[in-house]
Amino acid sequence: MFVHFGPNTFSGLEWGKGTEAEDLFNPTDLDCRQWAATAKAAGMKGIIVTAKHHDGFCLWPSKTTTHTVAQSSWRDGKGDVLAELSEACREYGIKFGVYISPWDRNHPAYGTPEYNNVYTQALEEVHSQYGPMFEHWFDGANGEGPNGKKQVYDWDTFRATVRRLSPDAVMFSDIGPGCRWVGNERGRACETNWSTLNTEGFTPGAGAPPTDTLQQGNVYGAHWVPVEADVSIRPGWFWRESENDKVKSVDDLMSIWLSSVGRNSVLLLNVPPDTRGRICEVDSLRLVEFREAREAVFGTDLAADAKIRKRQGGKVWEITLPEYRSFDYVQLQEDIRYGQRISSFRVEIQDFDVALDNGGWMTIAEGTTIGYKRIIPTKPCKTKRLRVVITGSHDRPVLESVSLFSKN
Ligand code: FUL
């Protein structure tokens, strides 16, 4: 779960200007345990909160600036969202991560080398006081206009600082090093999606590889930088009252799921708390309905008790079900401990009612990459026998599992 929360929650802006009074941030009923409980009930595994967005306001009492919760009148300046949220995550068994915007529209040092020290110190504060984190989100956005302040970021120091204090943190940015941006903010990965990427010569933000490269990765890319697809459950990243009736439907969320998790990506779904500091009922109910919808389809693997025969060095998997079964999705997984090798595949079913001269085998799905998980929607199929044929692979293909799921 992505959580966008800060002055924008109160102003209705997506990008705060940095000039907002600290008192603007004033949640009337903050409840981070409710966020963690919602994430848990939604089947999510971690929360990443905007500890500082582009407006520069810090949700923890940072010593790096005078634009924080400590200067606000919220809880008489004694409030600390990160303390409360990290504690709630621990209580609910949810991993905790942070987004700290490098772009800062408030800090006086922004646009000078000194700002790199400021940002590094912010990383130190957050990762040492509330970490270790499971993920650190480096946003690539920098919207200063032609006359705006330009900051040359010291990415090497930023990354080394996170690595030192949160050794296991996955670092997100356009180019990783842990995971990469999907190239859009709709939560949609490409069907062809290599987890490998060439990052030499690129930087996050304006110096990032072109969008289609971010989407597809690089075949034989030098680094393992899988995709993380981010999207908001609402039109905006931040809560606003006018969008309470625009929360995405279960069908929308399911479609996003299939084109992110189903395409070798992880999903980061933003659920923004309101001015109370709570996730609205409409969002949390939708999340539970979404979890139930996923469980209804993906909770039962119809191939779990199948007999599997692997032939041709793992290039062909023949699957025999105990009886005729109907399904709408084929799920394939590669054993990514060996990297990502498969570049094309085909799924066939045997249908004796079809008069074909090849034993009744019909192709029901074809695709390119698989990766850690690929879910292929098919037309409604009913069969007892199917086979997965790996038609292209860099090395010996190491398929890990084949699963079948039904909508009903
Ligand atoms: C972007 C930001 O500019 C948006 O405000 C939001 O935080 C999104 C997740 O990343 O780069």
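As the structure lists them, so they are numbered: ligands from 1, and atoms in each ligand from 1.
For ligand 1, the atoms sitting less than 4.0 Å from at least one non-hydrogen atom of Trp15 are 2 (C), 3 (O), 4 (C), 5 (O), numbered in the order shown with element in parentheses. Distances below 4.0 Å separate heavy atoms of Ala141 from the following atoms of ligand 1: 3 (O), 11 (O). In the vicinity of Phe2, heavy-atom distances shorter than 4.0 Å reach the ligand 1 atoms 9 (C). Of all the atoms in ligand 1, the ones that sit under 4.0 Å from a non-hydrogen atom of His4 are 6 (C), 7 (O), 9 (C).
The closest approach between any non-hydrogen atom of Trp103 and ligand 1 is not below 4.0 Å. Residue contacts with ligand 1 include Tyr99, since one of its heavy atoms falls under 4.0 Å from the ligand.
Atom CD in Glu334 sits 5.5 Å away from atom CD in Gln340 (nearest 0.5 Å).
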Q: Please report the C-alpha distance between Leu59 and Val49 in whole Å, then the side-chain angles of each, then the deciding distance to 0.1 Å, and finally whether the side-chain contact (heavy atoms from CB on, under 4.5 Å) criterion is met.
A: CA-CA 9 Å; Leu59 297 186; Val49 69; 4.2 Å; yes
Q | Test side-chain contact (heavy atoms from CB on, under 4.5 Å) applied to Val297 and Met254, step by step | A | CA-CA 10 Å; Val297 177; Met254 194 58 117; 4.2 Å; yes
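The side-chain tip of Arg294 points at the ring of Trp257 from less than 6.0 angstrom away and within 45° of straight on.
Distance from atom 1 (C) of ligand 1 to its nearest protein heavy atom, with residue and atom name: Asp139 OD2, 3.2 Å.
Of all heavy-atom pairs between Ser284 and Thr38, the closest is CB-CG2, 3.7 Å. Residues Gly313 and Arg396 come closest through the heavy atom pair O-CG, 3.8 Å.
When non-hydrogen atoms are compared, ligand 1 lies under 4.0 Å from the side chain of Asp230 (C-beta onward) but not from its backbone.
Aromatic pair Tyr153/Tyr119: ring centres not closer than 6.0 Å.
Of the candidates Glu14, Glu185, His53, His54, the one placing a heavy atom closest to atom 8 (C) of ligand 1 is Glu185.
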